[in-house]
Amino acid sequence: MVRTDRRGRRAAVPGSRSGQAQWATVDALVERVTAWFAHAARDLPWRAADRTPWGVLVSEVMLQQTPVVRVEPVWRAWMERWPTPAALADAPTSEVLRAWGRLGYPRRALRLADCARAIVARHDGEVPSGEEALRALPGIGEYTAGAVRAFAFGRRAVVVDTNVRRVQARAVTGVALPAPSYTAAERRLAVSLVPDGDEDAAAWAAASMELGALVCTARTPRCDRCPVQDLCAWRLTGFPPDEHAHRRRTQSWDGTDRQVRGRVMAALRTADGPVHRALLADAGPESQLDRCLAGLVEDGLAETDEAGRFMLPA
DNA sequence: AATGCGGGGGA
DNA sequence: TCCCCAGCATT
């Protein structure tokens, strides 16, 4: 397996005592995790042999900050209803938001519909495979573009999600958890770990994510079942504790705008028609409710009729 | 670099 | 209860 950085030189791998790259170790890491994936991979519908690039893209957007178990049933229903970008492009926003259900962050659903329309308009209804074309689509950032390239097209891509960040933080850097926010150093390390060929790179992307999801988990890692336990820098140094534990602040939930917005959206999703503001009073205090309603309208998640009632956009 | 943005299930 | 989950867009 060959691996070079952009300048054709060996890139330094943090965590190695000498500061020099330890390519034998990196190659073993990549090869073993990839081999492990071959038998340990979950049987997920968007990985099926008959998968489509559109199905992969839809799954990736749904999986942005939402666990697999909650996405799976919604994805199945969604793909049955809107099997192509063209189908979703024609769907009413209200139906899109209802189908999205309680996955959370409903703005993702709006962007996914916008994405479908952009694919129809710019790419003749076919999901593009190019990095730049993918990144230009609504709701598609660096991670999702790479994931679609790797998983839908089998192309080389740097795919760094929360799982990959944690796996490389432990196995290579030797720390309990990555920093709260994604750093340039992490990205450089991730780039240096990606094998050169399309097939190897795509396999590494899937395998490293899966290892983080099933074995190298945030809460209770199952090191006894880890294929790289003997070369894990975190384990070899005695499992040092999380350095920035003190900075991880549990984001409050009770009483937040997010909670109120969520309640309003839940009410609008289940309502048959326009809803009077008075019927939304349960969602939160008056001034907060007004602010949230205005925000939802601003975001395109809600509309008002001539009587000032609220509803999902047509 | 920091924020805002949902919701739920397991530890 | 707390914590985390296949992030993105905006500032």
Side-chain angles (χ1 to χ4, degrees), chain A residues 37 41-42 44-47 55-75 97 100-112 114-115 134-152 157-167 177-187 190 202 205-214 216-222 242 244-245 247-269 283-284 291-292 295-296 298-301:
Chain A
F37 179 76
R42 289 168 291 181
L44 300 172
W46 45 85
R47 289 177 175 168
V56 171
L57 190 156
V58 170
S59 77
E60 292 300 338
V61 172
M62 289 183 172
L63 288 162
Q64 291 166 1
Q65 299 285 281
T66 304
V68 166
V69 286
R70 292 175 50 203
V71 164
E72 194 166 338
V74 178
W75 183 89
L97 290 171
W100 191 259
R102 295 181 301 189
L103 288 182
Y105 297 135
R107 293 188 297 191
R108 288 184 293 165
L110 298 183
R111 294 199 187 107
L112 184 54
D114 288 340
C115 179
L134 284 164
R135 282 297 304 268
L137 296 171
I140 309 299
E142 180 178 17
Y143 162 77
T144 305
V148 170
R149 267 178 66 76
F151 306 148
V158 180
V159 183
V160 188
D161 74 332
T162 187
N163 292 304
V164 175
R165 291 185 64 208
R166 189 172 53 250
V167 166
L177 291 170
S181 56
Y182 188 41
T183 65
E186 279 182 276
R187 190 178 194 290
S208 55
M209 287 173 60
E210 195 78 338
L211 187 70
L214 299 182
C216 195
T217 53
R219 217 71 72 80
T220 311
R222 303 177 172 285
D242 180 17
H244 13 46
R247 283 200 54 226
R248 299 183 196 284
R249 192 155 304 170
T250 167
Q251 37 184 313
S252 55
W253 170 250
D254 211 50
T256 60
D257 282 7
R258 289 159 76 165
Q259 183 184 44
V260 172
R261 285 168 59 107
R263 287 172 176 162
V264 170
M265 289 303 294
L268 297 185
R269 280 197 307 269
R291 178 173 69 243
C292 289
L296 290 170
E298 174 71 17
D299 289 345
L301 289 165

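Nucleotide C/dT10 is matched to B/dA2 when pairs are restricted to Watson-Crick or G-U wobble geometry with both distances under 3.5 angstrom.
Residue A/Trp100 is out of contact with every strand shown, counting any heavy-atom pair closer than 4.0 Å. Nucleic acid contact class of A/Ile140 (heavy atoms, under 4.0 Å, all strands): sugar-phosphate only. Here A/Leu301 lies out of heavy-atom contact (under 4.0 Å) with every strand. The residue A/Ala147 sits apart from the nucleic acid: no heavy atom pair falls under 4.0 Å. Among the protein residues, A/Val71 comes within range of no part of the nucleic acid, since none of its heavy atoms lies under 4.0 Å from any strand.
The separation between A/Arg107 atom CZ and B/dT3 atom P is 16 Å, rounded to whole Å. Distance, A/Asp161 CG to C/dC5 C1': 10 Å, rounded to whole Å. Regarding A/Arg291, its CZ atom lies at a distance of 9 Å from the P atom of B/dC5, rounded to whole Å. Atom CD of A/Glu298 and atom P of C/dT10 are 12 Å apart (whole Å). Between A/Arg135 atom CZ and C/dG7 atom P there is a gap of 15 Å when expressed in whole angstrom units. Atom-to-atom, CZ of A/Arg165 to P of C/dA6 comes out at 13 Å; the value is rounded to the nearest Å. To the nearest angstrom, C1' of C/dC4 lies 13 Å from CG of A/Asp242. Atom CD in A/Gln65 sits roughly 16 Å away from atom P in B/dG8 (whole-Å rounding).
In summary, of the residues considered (A/Val71, A/Val58, A/Leu57), a side-chain contact (heavy atoms from CB on, under 4.5 Å) with A/Trp46 occurs for A/Val71 alone.
The base of B/dG4 lies outside donor-acceptor range of the side chain of A/Arg258, with no N or O pair under 3.5 Å. Put simply, the side chain of A/Arg70 and the base of B/dG7 share a donor and an acceptor less than 3.5 Å apart. Side-chain atoms of A/Arg42 and base atoms of C/dA6 include a donor and an acceptor less than 3.5 Å apart. In this model, no side-chain donor or acceptor of A/Thr66 finds a partner on the base of B/dG7 within 3.5 Å.
Counting heavy atoms of neighbouring residues, nucleotides and ligands inside a 6.0 Å radius, atom CZ of A/Arg263 exceeds 12 of them.
A/Tyr143 and A/Glu60 are linked by a side-chain donor-acceptor pair at a separation below 3.5 angstrom, with hydrogens and angles left out of the test. Side-chain atoms of A/Arg258 and A/Tyr105 form a donor-acceptor pair, as typed in the model, at a separation below 3.5 Å.
Between A/Thr162 and C/dC5 there is a side-chain polar atom (N or O) within less than 4.0 angstrom of OP1 or OP2. OP1 or OP2 of C/dC8 lies within a sub-4.0 Å distance of a side-chain N or O belonging to A/Thr144.
Rounded to whole Å, the separation between the P atoms of C/dT10 and B/dG6 comes to 15 Å. Nucleotides B/dA11 and C/dA6 place their P atoms 14 Å apart, quoted to the nearest Å.
For A/Arg261 and A/Tyr182, each mapped to the nucleotide of DNA chain B holding its nearest heavy atom, the one lying further toward the 5' end belongs to A/Tyr182. Each of A/Arg219 and A/Met265 has a nearest nucleotide on DNA chain B; the 5'-most of these lies closest to A/Met265. Place A/Leu137 and A/Ala213 on DNA chain C by their nearest nucleotides, and A/Ala213 ends up nearer the 5' end. A residue-by-residue look at A/Pro138 and A/Pro67 shows that A/Pro67 has its nearest nucleotide of DNA chain C further toward the 5' end.
Using a cut-off of 4.0 Å between Lys/Arg side-chain N and Asp/Glu carboxylate O, A/Glu186 and A/Arg165 are scored as salt-bridged. For A/Glu298 and A/Arg291, the salt-bridge test fails: no basic side-chain N is under 4.0 Å from an acidic carboxylate O.
Between A/Ala150 and A/Ala205, the shortest heavy-atom contact is CB-CB, 4.2 Å.
Closest to the A/Gln64 side chain, of the nucleotides B/dG7, B/dG4, C/dC8, is C/dC8.
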